[in-house]
Amino acid sequence: MRQVLLSFLSSLLSYHALEVDLSTKAGVDWKLSSCDRSISLSAEVPGVVHTDLMTAGVIEEDPYFRFNEIKQSWVPKEECWRYEAILKLGELAAEENSFLRITGLDTAATIFLDNIELGKTTNAFRTYYFPLPLADLSTSGSNPKLMIEIASPVSYPKERAKNYPYSVPATENYNVWAEPTSRNFMRKAGSDFGWDWGPAFLPSGLTGSVSAFQSLTDIGRFEDFVMLQSLDIIDGASKGNVALVPRLRIGGVSSKHATVIAKVFVNEELYLSEQIEVSAINKPRSMFVTQQLSEFNLSGVDLWFPRGFGRPALYTVKIQYCPVHPISESECQEMTKRIGFRTVELVQEPLESAREATSHNVSRGSSRSYPDDAHPTLQLTNPTPASFYLKVNNIPVFVKGANFIPIDVFTSRVTASDRKYILESAAAAHMNMVRVWGGGIYQPDDFYEMADEMGMMIWEEVMLACALYPRDDEFLSNVFAEVEDQIWRLSTHSSIVVLGGNNENEVALGWFSESIANRDLYVADYVKLYADTVYKAIGTVEGHSQRVWVDSSPSNGLISTSPYDKIWEHASTELAGDVHFYDYSSDCENYLTFPEAKFISEFGYQSHASYLAYEPVTVTADRHRDSEFMQYRQRHQNGNEQIEAMIDRHFSLPVECDAGSEGRPMGTFDQYLYLNGIQQSRCYETAFDRWRQLRSSPSAMTMGILYWQLNDIWQGPSWSSMEWGGRWKPLMYSTRRSFAPIVLTPSGIPGADNFEVWGVNDLTKDVDISYSVYLVPWSASSVLTKDQLVLSAAQSIGGGSSLLLSDFDINKMIATSADKCSRSTCFVMIVGECPESPIAPAPFFLDTFKNTKLVSNPNISISNIEQLSDRSISFTVVADVNSPFLFLEMTNDAKSSSDTTGVNGDNAGWFSDNNFLALAGTKYELVYNSAVSLRVNSFSRRLQVRSLQSVVTSCS
Ligand code: BMA
């Protein structure tokens, strides 16, 4: 064997001794140039073209500033971008054993070593191995040039679509310069092409890792392992006996036989040692080899539980992979993962008591930016009512969570701590699940590792969304390989309890004229892609018993576990399966708006970003609600009108009393955005309360809420509860209260004669609660007094159930009130206590805020500001009068407000409570948790507070 020496090898580490990191950090000098070489600069790998252009000053302004998305659209339109690096090779290597390994190659690329083409890639989600033709490099000496040429993501998919035998449509987002994009013809994040909440930058780049790999002993690179588990739950559901079968994935295998010793350790104890043979005989060397080891057992293991149900116990599993005759220690490779043991099943049992017909048409309405006639109303002809809920370790779990989209357009500037911040925010808002939506990207390993550690369940989708897709062999084999790669990487994560084949692609069959007219063709395409390709690829890696498979969301439920047995109608019915619910015309504060669905995997309402988020990306002229900027930023057709109508239904809109020569005063804009955030939170709160109340309804049996959408990709209008940059919108705070394990919530139609009070207990055990209901005048300066008490009671609420606690006749209550209440002068306050879990007070408003008579000048004061730790500060808030929607914000730090490149930077953090009704004279002891170090003086300077009274609604 010829001695191999990539010159970097000399310095390197045990496992990595065989692998040479080719990133910028490892010292490789990457250059980037446009195809015509008119631009040439230094590149950062991993990275994307846009960020290199920013660093070099070719792009001078923040891409998110004003209209820069359009200004910078020349970047993806360039015919191609070329990454180049000189590899310093010492002696020539043994060709049999040398590979280039690339992940995150975004996207359509041709790779050359000197002038030799190594291959082409067409999938940003795959792991590629290319044998290095080292023997052929003799003419170029030992310093060959690696060149990666990435084609324009604007033209590549269009070209593919043009050459495809028939039209395969995808949704086209409103106001997006790049549409129509044909994004469904390219395996790249769908949202890179623009979405109804995000811009179209279409970044290209090397976003993953690039390395050279060599195995002296022909054993290849130990790429990954999965651990098939079958678990028997014992000991009253807290422990289990588990049978484990390790499967190993090897890349870069030579065509010679090699013998390997594989050893498996659990918590450092050796459980298995086995000899296996690997080789790429009869296989292209760029492909992977799988080796299954023998089954072994662990008894009495602690189980992994989702948040709120127990500890997410994890075990450290290490696998060593060594040649039977190592040349040196460094030829041994090992990989360690933290693995939990749990069962998960989707329970779909007939619900005899469910209604046979529904008044709700749970289709998307006219919210899409294609013609309304592409949205046939689904007539529910033969509904088969059935439950749809998850059981983890045999425990029914009410799912509470949200949908997660990419954190930033430029993935290379998102860090592990950004991901951590978002997951921690979700946990702080009492979520137990996050849905990684199929129009974005598969997240890096650390995201799922953190979710495992936190007990945060993940609904992971394959990256296919809101489109029909081609089914030529090349496309299908590309997706097959992608799914295999991703499942190998993700399989051991206990947090991933649901695997979804796509987002909305079944229901999309009813969106496009092509698929409406020629349904069978596209149904056949659907089966080819999801049943024959995605489902099969998952099976080759981990079988189908490790987690729940849902081929599409929304769905009408499965009629069997076979992927071919589907009901091809009514993909989003409230009677079975999961629904996506969007309704922008009904009153979102009326609970009857919300369907009695079994599981809501998406629903929501838009709000703009806050004034503080818009501030760094706008100039004064933009800061009006009907400015060109505000029109441009909206990517959901009629979105701004819907937002305004939604606010206007319940609140008086802010008015301009002193518009000067510059137009509207900025305060008006700020107040409008504040109201928008508040209104958004009111809509979601109504829905959350309703759906949680329905958990014990025998016909509804609602068991899950994943709202649209957790986070934002930039500063723009969207359905999000957190802003780009990390601030929580009012919605995130109300969610934190609404998703608490035990809640007391009102239920009443606005203007109706009665309302109810419900208790919901998501804990597994019964709890005793006591509660009181008060009728409080808005003008009262002492609150929750005996005079105001309407009812005081105690009740036991069963584990995992909802219960109607009491029903009130509003007119009677008002008539007998000591304070001469009316609907516009008083509000209801529900307060409760439970030893097991705190219960947030819940107000119920008897009239819209248009009619409500608030006392002005709340005089909100902040005192007792104290440093609790490096990142947390406590303080006290008091309002002199009853102040609805008290809202605290950290203003932009003067020194960093123009720096918008930090994804979750100085502005990231949350208050322990916010967006609440501050009762007159009540001291609220709050804490601000910052994502970064924060001192008291800076906190005091930046803190701002307001309540509904701050909105100017009349000039008199
Ligand atoms: C759902 C999502 C997204 C979209 C959202 C709001 O369909 O899957 O595609 O952003 O609705 O329209």
Side-chain angles (χ1 to χ4, degrees), residues 169-176 179 181 183-184 189-200 362-370 372 374-375 401-407 409 434-441 459-469 498 500-512 550-555 571-572 578-585 588 597 599-608 633-643 646 680 683-684 687 705-714 716-722 724 731:
T171 55
E172 289 172 22
N173 288 292
Y174 168 74
N175 239 350
V176 170
E179 295 288 10
T181 63
R183 63 177 164 80
N184 48 343
S191 60
D192 280 357
F193 297 82
W195 212 262
D196 58 4
W197 34 257
V362 189
S363 68
R364 167 167 286 284
S366 56
S367 62
R368 287 283 177 206
S369 53
Y370 33 84
D372 277 357
H375 293 265
N403 286 273
F404 177 64
I405 63 157
I407 296 177
V409 167
V434 166
R435 175 168 172 252
V436 179
W437 164 79
I441 56 169
W459 175 318
E460 174 66 49
E461 270 178 0
V462 174
M463 294 302 137
L464 296 156
C466 297
L468 310 179
Y469 282 87
V498 179
N502 67 66
N503 173 75
E504 297 188 341
N505 295 351
E506 182 182 352
V507 82
L509 289 164
W511 292 350
F512 306 105
V550 177
D551 68 300
S552 187
S553 173
S555 72
S572 192
D578 61 323
V579 307
H580 292 191
F581 179 73
Y582 294 93
D583 173 352
Y584 305 114
S585 48
C588 65
F599 193 109
I600 299 87
S601 39
E602 280 190 23
F603 93 101
Y605 299 87
Q606 274 202 334
S607 73
H608 288 285
R633 218 70 171 185
Q634 178 58 270
R635 303 298 159 90
H636 163 62
Q637 198 164 23
N638 301 323
N640 289 354
E641 292 74 13
Q642 287 160 358
I643 286 175
M646 180 170 82
Q680 184 198 27
C683 301
Y684 284 68
I705 309 168
L706 295 170
Y707 67 82
W708 190 263
Q709 69 200 66
L710 178 59
N711 58 314
D712 254 342
I713 201 165
W714 75 339
S718 82
W719 294 252
S720 79
S721 54
M722 291 171 70
W724 186 92
L731 168 59

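Whatever order the structure lists ligands and atoms in, that order sets their numbers, starting from 1.
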Visitor: Could you check whether S607 and Q680, counting side-chain N and O atoms only, form a donor-acceptor pair closer than 3.5 Å?
Guide: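 S607 and Q680 do have a side-chain donor-acceptor pair below 3.5 Å.
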Visitor: Is it true that C466 lies under 4.0 Å from ligand 1, counting heavy atoms only?
Guide: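 Right, C466 reaches ligand 1.
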Visitor: In ligand 1, which numbered atoms sit nearer than 4.0 Å to a non-hydrogen atom of N503?
Guide: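 Answer for ligand 1: 8 (O).
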Visitor: Judged on heavy-atom distance to atom 11 (O) of ligand 1, which of W708, F603, Y582 sits nearest?
Guide: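 Checking each option, the heavy atom nearest atom 11 (O) of ligand 1 is found in Y582.
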Visitor: Quick one: look at E504 and ligand 1, take heavy-atom pairs under 4.0 Å, and tell me if it's side chain, backbone, both or neither.
Guide: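 It is the side chain that touches ligand 1; the backbone stays farther off.
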Visitor: Is it the case that ligand 1 has an N or O less than 3.5 angstrom from some N or O of W719?
Guide: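 No; the residue has no nitrogen or oxygen that sits under 3.5 Å from a nitrogen or oxygen of the ligand.
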Visitor: Return yes if a side-chain donor-acceptor contact under 3.5 Å exists between Q642 and H636, otherwise no.
Guide: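 On atom types as modelled, these side chains qualify, holding a pair under 3.5 Å.
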Visitor: Minimum heavy-atom separation for Q606 to G639, with atom names?
Guide: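 Here Q606 and G639 meet closest at OE1-CA, 3.8 Å.
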Visitor: Just checking, any donor-acceptor pair under 3.5 angstrom between side chains of N711 and S720?
Guide: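 Looking only at side-chain atoms, S720 and N711 do not form any donor-acceptor pair under 3.5 Å.
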Visitor: Using the salt bridge (charged side-chain N to carboxylate O under 4.0 Å, His left out) criterion, which residues pair with E461? Sequence neighbours excluded.
Guide: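 Partners of E461 by the salt bridge (charged side-chain N to carboxylate O under 4.0 Å, His left out) criterion, ordered by chain and then number, come out as R435.
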Visitor: Any atoms of ligand 1 less than 4.0 Å from a non-hydrogen atom of E602? List them with their elements.
Guide: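 That gives atoms 1 (C), 2 (C), 7 (O), 8 (O), 11 (O) of ligand 1.
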